[in-house]
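Notes for the one structure printed next.
Only this structure's heavy atoms are used, side chains among them; waters, hydrogens and symmetry mates stay out. Throughout, numbering of the chain's residues begins at 1 and tracks the sequence. Ligands are counted one by one from 1 in listed order, and the atoms in each one are counted from 1 as well.
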Amino acid sequence: RAKAAGRHRYRFHDAQVEAEVRQRVALVEELHAACADNQFELYYQPQVDTRRQRLVGVEALLRWNHPERGLLGPGAFIRAAETSGCLLDIEDWVLRQACRQMSEWQVQGLLETAIISVNLSPLQFKTVEFENSVLSALEEAGLSPQCLELEITERSVAERPEAVAPLIERLTATGIRFSIDDFGTGYSSLQYLKKLPVSKIKVAQEFVADMLSDPSDASIVRAIISLGHELGYEVIAEGVETEAQRDFLQDRGCFLFQGYLFGRPSPASQMTEHLRNGLYAAKGGGSLSLP
Ligand code: C2E
Ligand code: MG
Ligand code: MG
Ligand code: MG
């Protein structure tokens, strides 16, 4: 009996693995179709400075309008895109689209002081075409390099610090800024981190999420803020959802925020409408108007 049950479980397991493999293959095919068919879209999330009460940036976040499964976030497909070889095409589109959109908002007079930030994958960062594709995206859009921020992860840097540093330096010289995303979750060495001309670190939202209940997360957040400031970086907290979290961070010297409390990622059309309606602009009393 036990043997039969064991065999049964085994067969079940095989079937599950097979189903997973089939699903992955399907996903890869769908991704190729999505590229050809333009099923991707960028959502935009505001970044605010609560000390100066203003909008300082907008992060472009990739979405896939899947024909059957609806709107998908990057977590559902980035890894498959990376292994299937279409991530680079997608990311090239992301860069161009983000620059175009930002330029449009500037032309409309809606976003004159903020910058646009775009996530880079380690893969993209490694290619020889990378530098040119960034510069051509800016040129095509007629956007000044000062208005673009590129978010890299500790992984991008850690893999090849000697090659990455000069690349960041060259792009920084044009006026582009760099930030380190999800700071504290990767395996960065402070040794080379201090040599990179990045201007900003983003406190990973997993620390922010638990800092009010978990003393060690609170310590990590405090340490990241003071280390960041002491090394001359701007420090922005991600995933800020409550006023209590905002206040905790402000009390520790952090005044740059991104999170649901200040606005969810939204499609370009909705962001445009928000800006037209005066959201994210300073109100009468000087305070920032939020959705
Ligand atoms: P990220 O760059 O750290 O972006 C922040 C993520 O947190 C976004 O998830 C955003 O929707 C979410 N978020 C923002 N505020 C809050 C909040 O208050 N609470 C919670 N719970 N979540 C919040 P999203 O859009 O699903 O993106 C996930 C990750 O996918 C991004 O994390 C980024 O690493 C990656 N990603 C997004 N767009 C791109 C892209 O164009 N290229 C590449 N390579 N990666 C991308
Ligand atoms: Mg990011
Ligand atoms: Mg992040
Ligand atoms: Mg992330």
Side-chain angles (χ1 to χ4, degrees), residues 31 34-35 39-48 57-66 70-102 115-127 130 133-134 137 148-156 177-186 188 198 200-212 221 224 235-246 248-249 256-268 270-271 290-291:
L31 275 166
C35 282
Q39 294 169 5
F40 297 103
E41 183 177 357
L42 292 181
Y43 273 42
Y44 299 89
Q45 187 179 31
Q47 301 172 331
V48 305
V58 175
E59 179 173 4
L61 295 161
L62 181 61
R63 297 291 181 266
W64 177 10
N65 288 301
H66 190 284
L71 192 69
L72 301 178
F77 63 90
I78 281 277
R79 196 121 18 99
E82 189 166 354
T83 51
S84 74
C86 57
L87 185 62
L88 291 175
D89 288 340
I90 300 173
E91 308 228 85
D92 200 50
W93 175 83
V94 169
L95 258 173
R96 284 168 205 282
Q97 183 60 22
C99 291
R100 263 198 302 265
Q101 182 60 64
M102 185 62 186
I115 59 168
I116 183 100
S117 64
V118 176
N119 293 283
L120 300 180
S121 73
L123 189 75
Q124 178 184 24
F125 207 46
K126 249 187 276 200
T127 63
F130 174 68
S133 66
V134 174
L148 177 65
E149 180 174 291
L150 298 173
E151 299 194 358
I152 58 175
T153 58
E154 291 165 85
R155 192 177 137 211
S156 296
R177 279 175 259 198
F178 282 83
S179 62
I180 299 186
D181 207 351
D182 304 331
F183 188 84
T185 59
S188 65
V198 303
K200 191 190 282 173
I201 58 182
K202 304 189 78 177
V203 182
Q205 75 184 39
E206 57 188 89
F207 302 127
V208 172
D210 294 330
M211 68 189 180
L212 298 182
V221 167
I224 292 176
V235 180
I236 181 166
E238 294 191 276
V240 179
E241 296 181 352
T242 66
E243 290 174 357
Q245 289 171 335
R246 178 203 58 200
F248 178 93
L249 290 156
L256 296 176
F257 298 100
Q258 183 177 349
Y260 295 167
L261 179 65
F262 302 93
R264 292 184 174 252
S266 51
Q270 195 182 327
M271 192 69 191
L290 296 172

Closest non-hydrogen atom pair between [X] and [Y], with its separation:
X    : Y    : result
V235 : L256 : O-CB, 3.5 Å
G239 : Q245 : O-OE1, 3.9 Å
Y44  : A268 : CE1-CB, 3.7 Å
E149 : S179 : OE2-OG, 3.1 Å
F77  : L72  : CE2-O, 3.6 Å
E154 : G184 : OE2-N, 3.0 Å

Review point. So does E151 have any N/O/S atom less than 2.8 Å away from the Mg ion (ligand 3)?
Key: no
If the cut-off is 4.0 Å to any non-hydrogen atom of [X], which atoms of ligand 1 fall inside it?
X    : answer
G239 : 16 (C), 17 (C), 18 (O)
P265 : 11 (O)
S121 : 44 (N)
Q45  : 14 (C), 15 (N)
V94  : 41 (O)

How long is the straight-line distance from [atom2] of [Y] back to [atom1] of [X], given to the nearest 0.5 Å?
X    : Y    : atom1 : atom2 : answer
L62  : Q97  : CG    : CD    : 11.0 Å
I152 : K202 : CD1   : NZ    : 12.5 Å
F130 : D92  : CZ    : CG    : 10.0 Å

Practice item. Assess E238: does it contribute an N, O or S atom lying under 2.8 Å from the Mg ion (ligand 2)? Key: no
Check your understanding: Has S117 got an N/O/S atom less than 2.8 Å from the Mg ion (ligand 2)?
Key -> no
Point to revise | Opening angle between OD1 in N119 and OD2 in D181, taken at the Mg ion (ligand 2), to 10 degrees | key: 80°
Between [options], flag the one that comes closest to [atom] by a heavy atom.
atom                    : options         : answer
atom 44 (N) of ligand 1 : R63, E59, E91   : E91
atom 37 (C) of ligand 1 : P74, G263, G73  : P74
atom 34 (O) of ligand 1 : N119, L62, T242 : N119
atom 21 (N) of ligand 1 : Q97, E241, E238 : E241

Point to revise | Test log, rule salt bridge (Lys or Arg N to Asp or Glu O under 4.0 Å), inputs E82 and R155 | key: CA-CA 15 Å; E82 189 166 354; R155 192 177 137 211; 3.4 Å; yes
Quick one: does [X] get a heavy atom under 4.0 Å from ligand 1?
X    : result
G75  : no
Q258 : no
K202 : no
G259 : yes

Review point. Where the side chain of Q45 meets the backbone of G263, is there a donor-acceptor pair that is under 3.5 Å apart?
Key: yes
Point to revise | Modelled atom types, side-chain donor and acceptor of S121 and E91, under 3.5 Å | key: yes
Which part of [X] is near ligand 1, with near meaning a heavy atom under 4.0 Å away: side chain, backbone, both or neither?
X    : result
R264 : neither
D181 : side chain
V240 : backbone
Q124 : neither

Practice item. Side-chain contact test, heavy atoms from C-beta onward, threshold under 4.5 Å: evaluate it for L261 versus E243 and give yes or no. Key: yes
Review point. Mind checking whether F40 and W93 have parallel, tilted or perpendicular rings, split at 30° and 60°?
Key: tilted
Review point. Considering only N, O or S atoms, which atom of D182 is nearest to the Mg ion (ligand 3)?
Key: OD1
Review point. When you measure from the Mg ion (ligand 2) to each N, O or S atom of E59, which atom gives the shortest distance?
Key: OE2
